[in-house]
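For reference, the structure discussed in these notes is given below.
A, B, ... follow the sequence lines: proteins, then strands. Residue 1 opens every chain.
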2 protein chains.
Amino acid sequence: MNSPDAFNALCPTRQILDRIADKWTVLLLGLLAGRTMRFNELRRGVDGLSQKVLSQTLKSLERDGLVTRAVYPTVPVTVEYAITDLGRTLAATLEPLRLWAESHMNVIEQARADFDRRQQAAA
Amino acid sequence: MNSPDAFNALCPTRQILDRIADKWTVLLLGLLAGRTMRFNELRRGVDGLSQKVLSQTLKSLERDGLVTRAVYPTVPVTVEYAITDLGRTLAATLEPLRLWAESHMNVIEQARADFDRRQQAAA
DNA sequence: GTCATCTGGTATCCATTGGAAACCTGATGA
DNA sequence: TCATCAGGTTTCCAATGGATACCAGATGAC
């Protein structure tokens with residue numbers, strides 16, 4: 001048995017990395033790490049996330065054992081999504097990513113402006 | 001000026017998160033954190049990454065100030081990509097992600113098998 | 001009685017993206 | 001004279017993404 005290696009396209013970790021290195025996953029697990037939430041609540045919490053993609057993303061998170069899905073036969077139906085212990089370990093890994101983006105926003109925007117100006121000058 | 005918030009679709013951090021939460025970015029910065037590398041060297045290092053996408057990804061990493069690109073007029077031409085200090089802070093944030101994928105591979109695969117079996121049983 | 005509303009989805013359609021493969025330049029070696 | 005190298009760009013097709021419409025089933029407003 002070979003050791004896991006995400007640099008190898010055939011290693012299962014590659015596909016796992018593909019799923020977890022995803023902006024919607026980062027944001028959804030960020031919310032669910034705080035508390036259990038309902039479908040439309042998640043949708044409202046993550047601006048710009050369509051119903052279709054939310055549904056797909058939650059399904060794959062559930063399949064991977066990162067969240068659980070509970071249906072309550074109320075009217076209208078209530079569906080609650082909760083993070084699992086495994087999901088919590090991933091959320092702890094993903095949170096720094098969101099925080100990095102937020103704290104380096106200005107530096108990145110400056111770098112982009114500089115790059116674009118150089119490109120402009122070269123043309 | 002509002003504080004950065006990746007949950008808001010219009011915040012620049014959302015777009016930044018979209019770029020950094022990407023499997024190719026994780027793997028490329030993982031390699032470049034080790035040492036400066038050439039174009040085809042990176043391609044060989046990241047199995048399954050096409051030339052087109054490598055070129056695009058490197059270009060956006062350069063624009064964001066995460067890597068630098070140096071061209072040497074040898075024959076054939078030599079192009080070296082090096083990580084920047086800013087890129088190094090991101091690489092440090094992304095590495096745990098790759099390690100998480102590698103260390104939880106078995107748990108995830110087990111969860112998937114369980115899920116699929118339950119789905120099968122329900123059908 | 002009838003219509004609009006709620007939830008948690010699917011179904012459909014089109015635009016964007018991704019990957020595979022071919023092509024390109026320009027010099028060099030067989 | 002032809003193949004080869006690096007570092008791309010171009011082209012083509014398949015897969016994904018997002019916007020929108022639709023669905024069930026009950027409930028509340030009118």
Which is true for B:T74 with a 4.0 Å heavy-atom rule: it touches a base, it touches only sugar-phosphate, or it touches nothing? nothing
Just call it for A:R38: base, sugar-phosphate, or nothing, with non-hydrogen atoms closer than 4.0 Å on any strand. sugar-phosphate
By ring pair (Phe, Tyr, Trp, His ring centres under 6.0 Å), which residues pair with B:W100, not counting sequence neighbours?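 By the ring pair (Phe, Tyr, Trp, His ring centres under 6.0 Å) rule, B:W100 matches B:H104.
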Could you see if A:L32 belongs to whatever hydrophobic cluster contains A:V71? Use Ile, Leu, Val, Met, Phe, Trp, Tyr and a side-chain cutoff under 4.5 Å.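 Yes: a chain of side-chain contacts under 4.5 Å links A:L32 to A:V71.
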Look at the side-chain heavy atoms of Ile, Leu, Val, Met, Phe, Trp and Tyr, link any pair under 4.5 Å apart, and say whether A:L31 and A:V26 land in one connected group. yes
For a quick test of reading the model: is some side-chain N or O of [X] closer than 4.0 Å to OP1 or OP2 of [N]?
| X | N | answer |
| --- | --- | --- |
| B:S50 | C:dA21 | no |
| A:R69 | C:dG9 | yes |
| A:Y81 | C:dG9 | yes |

Rounded to whole Å, please give me the gap between [atom1] in [X] and [atom2] in [N].
| X | N | atom1 | atom2 | answer |
| --- | --- | --- | --- | --- |
| A:N40 | C:dT10 | CG | P | 13 Å |
| A:K52 | C:dC13 | NZ | P | 12 Å |
| A:Q51 | C:dG8 | CD | P | 10 Å |
| B:L49 | C:dA21 | CG | C1' | 15 Å |

Examine the side chains of A:Q120 and A:D116 and answer whether a donor and an acceptor come within less than 3.5 Å of each other. no
Presence of salt bridge, B:E80 and B:R35, under 4.0 angstrom: no
Spacing of CG belonging to A:L61 relative to CD1 belonging to A:I83, to within rounding of 0.5 Å: 9.0 Å
Between which nucleotides of DNA chain D, 5' to 3', does chain B make heavy-atom contacts below 4.0 Å? D:dC5 to D:dT11
Using side-chain heavy atoms (C-beta onward) and a distance below 4.5 Å, is B:V46 in contact with B:W24? yes
On DNA chain D, compare the nucleotides closest to B:V77 and A:W24; which residue's is nearer the 5' end?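 Of the two residues, B:V77 wins.
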Nearest-nucleotide wise, let me know which of B:S55 and A:K23 is further upstream toward the 5' end of DNA chain D. B:S55
Where each residue is assigned the nucleotide of DNA chain C containing its nearest heavy atom, which of B:G48 and A:L58 is assigned the position nearer the 5′ end? A:L58
